[in-house]
Amino acid sequence: MTKFVFVTGGVVSSLGKGIAASSIGTLLKSRGLQVSLQKLDPYLNVDPGTMSPYQHGEVYVTDDGAETDLDVGHYERFLHVSMGKANSVTAGQIYDAIIQKERRGDYLGRTVQVIPHVTDEIKARMLAPTRRQQVDVAIVEIGGTVGDIESLPFLEAIRQMRLEYTRLNTMFVHVTLVPHLGAAREIKTKPTQHSVKELREIGIQPDILLCRCEVPLPQEVKEKIGLFCNVSTESVIEAIDVSSIYEVPLAFHRGGLDQLIVQTLHIEAGPPDLRAWQAFSDRMRAARETVTIAVVGKYTHLRDAYKSIQEAITHGGVANGVNVKVEWVESERVELDGAEALLAGAHGILIPGGFGERGIEGMVQAARFARDRKIPFLGICLGMQCAVIDFARHVAKLENADSSEFHAGTPHPVIDLLPDQHGVDKKGGTMRLGAYTCAIENGSRAREAYGVATVAERHRHRYEFNNAYRERLEAAGLQVTGLYPEKSLVEIVEFPDHPWFVGVQFHPELRSRPSDPHPLFRGFVRATNAERTRREGGGAPSPPDRAPSATRA
Ligand code: GLN
């Protein structure tokens, strides 16, 4: 019999509910239990794929090609599993399914209503992961903040779950904020009281309060929160700010969270084995040297847009025993101030994925700077495309070479629409999405990093290296080192005449895990660390490459 843990959030958004749910999952898994995790988002978009990063942050793509909430990324990283469509559910999907049923006549004669039809559909989605495999504990995170109109059907559905599955099999964890007012030097419990009051009004009494706080919560504060919110003092758990998200499971364990959950749900489970998490944390703290990586993108003021990139860099740093300082560089600033001013200090340059024309020239300049100065470079999706554009323009001398995404009339569309994207006019879920195989060339940097000849990586794009230019670009010195064999799509490009320059059409950051850092991020950080050592040994950044490979070819 599956037990359910429902995670809700109160007071403000961005409290780290996803990290909390992931950490609960990690702790239960470390006690030998089978765990599933699922995010239910109350917005009406069918998936976040059509939302701007300003609205939503990163769109996380799974192996099966679902465009999901970035919390699914945390689930995968913390639990070291691959998830899929069923792990990310939106109100848009729920209503879409109901309206299709209504049109088919499935409800014939009845009025279709939020209760029971919408709530039934939500409950069916929550049960789906437990039907496919044996799950001891299903953790369900409800997106949004208690009090939002959109969340109500979801909260009603979990209220019904308690009724149907009883107190023994369901549990409500509420993540809330307990602010510390600096001026008054006081910890304030009122926002938490209000949030819990709101939950109780709709029939949900939380079992555990996870209290986000900047300072430790004294015993009397926990007692007060417990009293006013109708939970025992032990169930008020401090979730104090920690230096890294990977410390959270360890901190929750010290606060007694996993013990409380297994006790309340009467689960028989062994003691947790958190050695791998402790080792990761120890390695992270032990790092002494710091490398600097500049990430040149267009949403750099908005960290959630590059969540998985940041995490994969962290994993790569720990794998190499170094701290990584990420400098977020707005690509439009590169256009204004020049690459030299903004990027010369970096030991590595990374250009992440993105869409649209704004800031592209800054990214092309950044790729050129990395190529010229022989600074380690990782280009991801759009970043790879910008590297190809730079190479085509400045080495292969294809004047005004561009991607047809940014310049429809370019004389040299070195990046062009994927053949099967012609005629696609619907925007939702129509890109090349999900995992595809990639065959890697022997002797390449990518092959060295991966250590194997075939990999599967996740994609999210409409444009692609134009094979009509492959010969000319290869003759000029560009190396195609990864291909999707079935359609000969170019997946990886490199410049052999460079310490470490790799561009990939896929998104390696989506498969990096703390316990299993992505090979390309491990290799990239290793190369940046070599660049740091070289510079510290007195070597200046390399001078511009005066003899481009084109003249040598
Ligand atoms: N805009 C580019 C494309 O659609 C790159 C996409 C991306 O970086 N994810 O091909």
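Note that ligands are numbered from 1 as they come in the structure, with each ligand's atoms numbered from 1 the same way.
Here the side chain of R445 pairs a donor or acceptor atom with the backbone of P499 at under 3.5 angstrom.
Residues with a heavy atom under 4.0 Å from ligand 1: G353, G354, F355, C381, L382, Q385, E405, R460, H461, R462, Y463, H507.
Taking the six-membered ring where tryptophan is involved, the planes of H518 and Y450 are perpendicular, since the angle between them exceeds 60° and thus also 30°.
Figure legend: R432 and Y436 shown as a cation-pi pair, the cationic atom lying under 6.0 angstrom from the six-membered ring centre and within 45 degrees of its axis.
Between E311 and K307, none of the side-chain N atoms (NZ, or NE/NH1/NH2) sits under 4.0 Å from a carboxylate O, so this pair counts as no salt bridge.
Applying the side-chain hydrogen bond (donor to acceptor under 3.5 Å, both in side chains) rule to R526 yields no partners; only residues at least two apart in sequence or on another chain are considered.
Exactly one of V296, V295, V329, L378 qualifies for a side-chain contact (heavy atoms from CB on, under 4.5 Å) with I349. That residue is V296.
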